[in-house]
Undergrad: 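Quick one: the structure is below, questions incoming.
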Number of protein chains: 2
Amino acid sequence: MSTQREIARRAKTSLKTVSRVINRDPLVNAETRARIEAIIAEIGYEPSQAARMMRSQRSNVIGFLADGVATSSSSIDLIRGAQDVAWERGKQMMLFNIERGTASAANADSQLTAFRAEAIIYAAVFHQEVDIPNTGVPHVLLNCFDKRHRHTAIVPDDYQLAYDLTRVIFERGYKRPVFLNLNSDIVASHLRADGFVDAAAALGHDVSNAIYTAVISRAGTTPRLATHDILPPLFAGEETPDLVLCGQDTMAMNVYFELGELGLKVGRDIAVASFDNLEPIVSLLKPGLSTMELPYYDMGRAAMTLAIDGQDEVQVLRLKGKFIERHSL
Amino acid sequence: MSTQREIARRAKTSLKTVSRVINRDPLVNAETRARIEAIIAEIGYEPSQAARMMRSQRSNVIGFLADGVATSSSSIDLIRGAQDVAWERGKQMMLFNIERGTASAANADSQLTAFRAEAIIYAAVFHQEVDIPNTGVPHVLLNCFDKRHRHTAIVPDDYQLAYDLTRVIFERGYKRPVFLNLNSDIVASHLRADGFVDAAAALGHDVSNAIYTAVISRAGTTPRLATHDILPPLFAGEETPDLVLCGQDTMAMNVYFELGELGLKVGRDIAVASFDNLEPIVSLLKPGLSTMELPYYDMGRAAMTLAIDGQDEVQVLRLKGKFIERHSL
DNA sequence: TAGCAATTGTCTCACGTTGTCATATCGCGA
DNA sequence: TCGCGATATGACAACGTGAGACAATTGCTA
């Protein structure tokens with residue numbers, strides 16, 4: 001790749017004038033500017049980032065540590081949102097897939113330090129508490145929050161998600177929902193249980209006994225579920241549920257099958273609603289799954305915006321999700 | 001962040017000696033080395049990549065252009081494979097989500113030029129032909145190949161995938177498979193059709209009339225399918241199929257539902273096999289989907305390896321997939 | 001013609017690192 | 001004591017860019 005010196009030679013002008021053109025100094029004659037710009041376009045010159053970083057002492061690099069995220073399709077939108085903002089703001093986002101506590105994490109840290117990253121976004125695969133110490137570089141936590149409130153965090157508003165969805169459920173006339181929740185060591189499960197109970201209570205219903213923990217473990221890409229044990233008894237008695245609310249779309253998919261085996265067709269005999277809006281599952285299920293979309297894309301955008309602009313004080317941003325209607329409800 | 005000069009000052013030694021320690025030059029006294037290393041550890045110093053790039057005229061950066069890939073969960077493994085190799089080899093991979101022909105692509109090119117990327121991996125969302133002109137930077141094509149054979153390419157061996165899967169099918173005793181193929185403008189569809197026909201022929205069966213095009217369009221994350229029109233007539237007559245081979249797992253999921261509506265239970269009345277091994281769908285389907293895994297992770301690794309090592313001549317690497325057995329067959 | 005503004009050029013420095021070359025120190029044999 | 005090689009350390013330049021200080025040149029106006 002050529003340098004400004006080379007361009008100056010070809011334009012029969014000085015290094016300084018080329019520098020002026022590139023840095024939009026107005027003190028350049030229109031003709032000269034055009035001539036130089038033509039040469040730049042012709043040879044496809046781009047100023048060396050390395051040299052610019054050196055000179056300006058600014059890296060324009062934002063690190064994105066994806067803790068297991070990139071293996072989980074549900075949260076690619078976190079990455080997309082962040083990257084879109086980085087692009088709009090002329091920053092370079094460096095993505096690392098890491099596992100906390102392993103060599104991959106240490107390596108990512110070294111690399112980001114070596115590049116003098118201006119901020120680091122740490123993204124978790126699901127809404128959880130983490131313990132990230134303070135370092136020289138400002139951190140923004142994405143889909144997680146710090147144990148000791150040391151860093152700004154962006155999380156989904158799980159209470160609102162459940163609250164709003166529950167309102168929709170009762171407004172549509174469903175009377176006996178059951179909530180197959182995530183395991184209780186997941187932050188979202190408590191928030192959603194509260195939202196579920198509160199929204200029902202506000203409409204005069206008590207659903208506090210209609211919550212079940214349906215996830216056994218989250219290891220690997222596919223959660224182990226307890227739906228097979230939970231559902232049949234629920235549909236054995238008299239007052240059977242008219243809606244199954246699932247903690248995540250993958251569980252809902254499983255529930256479709258379980259209900260089918262009980263002779264119940266979703267959309268006709270029983271309604272199903274869920275959380276995530278995870279393509280392509282939600283569209284491929286028949287009928288399509290009505291679900292609360294987690295605002296991953298916007299969370300990614302918010303995280304990158306805060307990472308670039310910096311923050312005066314530590315804050316926790318809770319982003320709302322929206323109801324995506326299909327035909328399972 | 002401090003510099004080597006700062007370290008030299010604190011260690012009461014020269015800049016060069018610090019540099020020697022950092023670059024593992026053996027010509028340093030053990031005591032001096034220990035003293036300097038202690039200071040480095042204490043202040044958490046990392047050499048500036050920007051300065052190293054300048055000095056060495058090597059960026060150690062490999063670009064990864066993901067054309068729609070990162071939105072498609074199926075091909076995250078391409079990215080993971082590439083990144084793992086980059087990490088092992090001490091290179092920095094820069095990922096860009098682009099759409100060919102848009103500003104995002106132009107932007108990615110500028111950025112990679114600015115960073116003086118040593119090679120660029122261009123990854124497509126599905127196996128296809130592309131038209132990538134020669135530039136100064138060597139390209140490796142991933143999941144696609146160049147129209148005019150100008151760049152090394154890594155693609156899945158779709159012929160082998162279909163051939164091997166078809167062999168398994170007949171070895172298990174299935175006699176009347178139908179193949180619901182992808183649309184014919186997708187490269188894989190032809191290769192797989194050939195593999196399907198050839199493998200069957202080698203075992204004495206003629207399946208050339210058992211292939212149907214089941215994908216209407218691939219726009220968006222969820223393909224539009226024609227399975228609803230194709231399947232019922234097939235199961236109306238006497239000699240009904242005993243196995244449905246699907247062009248992709250998402251189609252297989254749809255087929256599970258369609259077959260269910262025809263009163264057929266997969267794994268009991270009818271077998272299903274497919275291509276992709278796309279989690280979490282394959283595991284969540286009941287019974288689990290037996291499918292040919294596309295070698296995305298290995299393809300990503302191969303692409304990065306070739307990108308780093310360079311190549312003497314343009315080649316096309318076809319990587320084999322493997323059969324993942326579950327219970328749909 | 002002097003004066004002024006606009007334009008271009010020269011020169012210098014700094015950013016952090018590392019290769020080249022030169023220097024300093026030491027032990028040891030002549 | 002001198003010289004030698006081996007070991008250890010240091011001085012300096014250069015990578016490409018951008019900025020400041022300031023001079024030189026041109027064209028135009030008063």
Side-chain angles (χ1 to χ4, degrees), chain A residues 1-37 39-40 43-61 90 92 110-118 136, chain B residues 1-37 39-40 43-61 90 92 110-118 136:
Chain A
M1 172 59 68
S2 45
T3 68
Q4 293 185 9
R5 178 164 274 107
E6 162 79 5
I7 295 170
R9 206 180 49 73
R10 311 234 313 202
K12 302 207 192 314
T13 176
S14 74
L15 190 55
K16 182 66 191 184
T17 302
V18 173
S19 172
R20 285 195 178 101
V21 168
I22 288 169
N23 293 285
R24 311 230 143 66
D25 189 322
L27 286 177
V28 183
N29 182 286
E31 273 176 55
T32 316
R33 157 163 285 128
R35 181 159 43 99
I36 292 174
E37 278 175 347
I39 292 173
I40 289 176
I43 65 178
Y45 168 81
E46 285 280 343
S48 156
Q49 268 301 320
R52 287 194 147 165
M53 286 179 182
M54 280 273 279
R55 166 69 220 201
S56 67
Q57 297 296 93
R58 307 210 57 209
S59 68
N60 277 341
V61 167
Q92 176 57 41
S110 302
Q111 295 260 354
L112 288 175
T113 307
F115 274 98
R116 306 292 187 262
E118 293 169 1
Chain B
M1 172 60 68
S2 45
T3 68
Q4 293 184 11
R5 177 165 273 108
E6 163 79 6
I7 296 169
R9 204 180 50 73
R10 309 230 317 201
K12 299 204 194 316
T13 174
S14 76
L15 193 55
K16 182 62 202 182
T17 302
V18 174
S19 170
R20 284 199 177 92
V21 169
I22 288 168
N23 293 285
R24 313 229 140 67
D25 189 321
L27 285 176
V28 183
N29 183 285
E31 275 175 53
T32 317
R33 154 163 287 124
R35 184 159 39 99
I36 292 175
E37 277 174 347
I39 294 174
I40 289 177
I43 63 176
Y45 168 81
E46 283 280 342
S48 155
Q49 267 302 319
R52 285 191 151 166
M53 286 181 184
M54 276 274 279
R55 171 67 224 206
S56 67
Q57 299 295 91
R58 307 207 58 210
S59 67
N60 275 342
V61 166
Q92 177 57 40
S110 302
Q111 297 259 357
L112 288 174
T113 308
F115 274 99
R116 307 291 186 260
E118 293 169 0

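In what follows, every heavy atom counts, from backbone to side chain, and hydrogens, waters and symmetry copies are set aside. Numbered from 1 within each chain, the chains take letters A, B, ... in sequence-line order.
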Undergrad: With rounding to the nearest 0.5 Å, note down the distance linking CZ in B:Arg20 to OG in B:Ser14.
TA: 7.0 Å
Undergrad: Any side-chain N or O of B:Thr17 below 4.0 angstrom from OP1/OP2 of D:dT9?
TA: no
Undergrad: Would you mind classifying the nucleic acid contact of A:Gln4 as base, sugar-phosphate or nothing, using non-hydrogen atoms under 4.0 angstrom?
TA: sugar-phosphate
Undergrad: Between D:dT7 atom P and B:Asp25 atom CG, what is the distance in whole Å?
TA: 13 Å
Undergrad: For A:Arg52 and D:dG16, is the shortest distance between a side-chain N/O and OP1 or OP2 below 4.0 Å?
TA: no
Undergrad: Would you give the length of the straight line joining atom CD1 of A:Ile36 to atom CZ of A:Arg10, rounded to the nearest 0.5 angstrom?
TA: 12.5 Å
Undergrad: Looking at D:dT17, C:dC21, C:dT17, which one has an atom nearest to any side-chain atom of B:Arg20?
TA: C:dC21
Undergrad: Could you check which of D:dT9, D:dT17, C:dG16 has an atom nearest any side-chain atom of A:Gln57?
TA: C:dG16
Undergrad: Between A:Met53 (CE) and D:dT17 (P), how many Å, whole number?
TA: 14 Å
Undergrad: Please report, rounded to the nearest Å, how far the P atom of D:dG20 is from the CG atom of A:Asn23.
TA: 11 Å
Undergrad: Would you indicate, yes or no, if C:dG9 has its OP1 or OP2 atom less than 4.0 angstrom from a side-chain nitrogen or oxygen of A:Ser14?
TA: yes
Undergrad: Nearest whole angstrom, please: distance from the P of C:dT17 to the CD of B:Glu6.
TA: 11 Å
Undergrad: OP1 or OP2 of C:dT17 less than 4.0 angstrom from a side-chain nitrogen or oxygen of B:Ser48, does that happen here?
TA: no
Undergrad: Would you mind telling me which of D:dT9, D:dG18, D:dA14 lies closest to the side-chain atoms of B:Val28?
TA: D:dT9
Undergrad: Whole angstrom is fine here: how far is it from CZ in B:Arg55 over to C1' in D:dG16?
TA: 13 Å
Undergrad: Find the distance B:Leu27:CG to D:dA6:P and express it as a whole number of Å.
TA: 12 Å
Undergrad: Rounded to whole Å, how long is the line connecting atom CZ of A:Arg35 with atom C1' of C:dT8?
TA: 11 Å
Undergrad: Both B:Ala30 and B:Arg116 contact DNA chain D. Which one's nearest nucleotide lies toward the 5' end?
TA: B:Ala30
Undergrad: Do you know which two heavy atoms are closest between B:Thr13 and B:Thr17, and how far apart they sit?
TA: OG1-CB, 3.4 Å
Undergrad: Please classify the nucleic acid contact of B:Ser19 as base, sugar-phosphate, or nothing, using heavy-atom distances under 4.0 Å.
TA: base
Undergrad: Quick one: pull up CD1 in A:Ile7 and CD1 in A:Ile22 and give me the separation to the nearest 0.5 Å.
TA: 5.0 Å
Undergrad: What nucleic acid atoms does A:Thr13 come within less than 4.0 Å of, heavy atoms only: base, sugar-phosphate, or nothing?
TA: sugar-phosphate
Undergrad: Test side chain to side chain contact (heavy atoms under 4.5 Å, CB included) on A:Gln111 and B:Gln49; report intermediate values, then the result.
TA: CA-CA 8 Å; A:Gln111 295 260 354; B:Gln49 267 302 319; 5.7 Å; no
Undergrad: Is B:Thr32 touching bases, backbone alone, or none of the nucleic acid, heavy atoms closer than 4.0 Å?
TA: sugar-phosphate
Undergrad: Does a side chain donor of either A:Ser110 or A:Thr113 reach within less than 3.5 Å of an acceptor in the other side chain?
TA: no
Undergrad: Could you tell me whether the side chain of B:Lys16 has a donor or acceptor atom within less than 3.5 Å of a complementary atom in the base of C:dG19?
TA: yes
Undergrad: Can you check the A:Lys12 NZ to D:dT25 P distance for me, whole Å?
TA: 20 Å
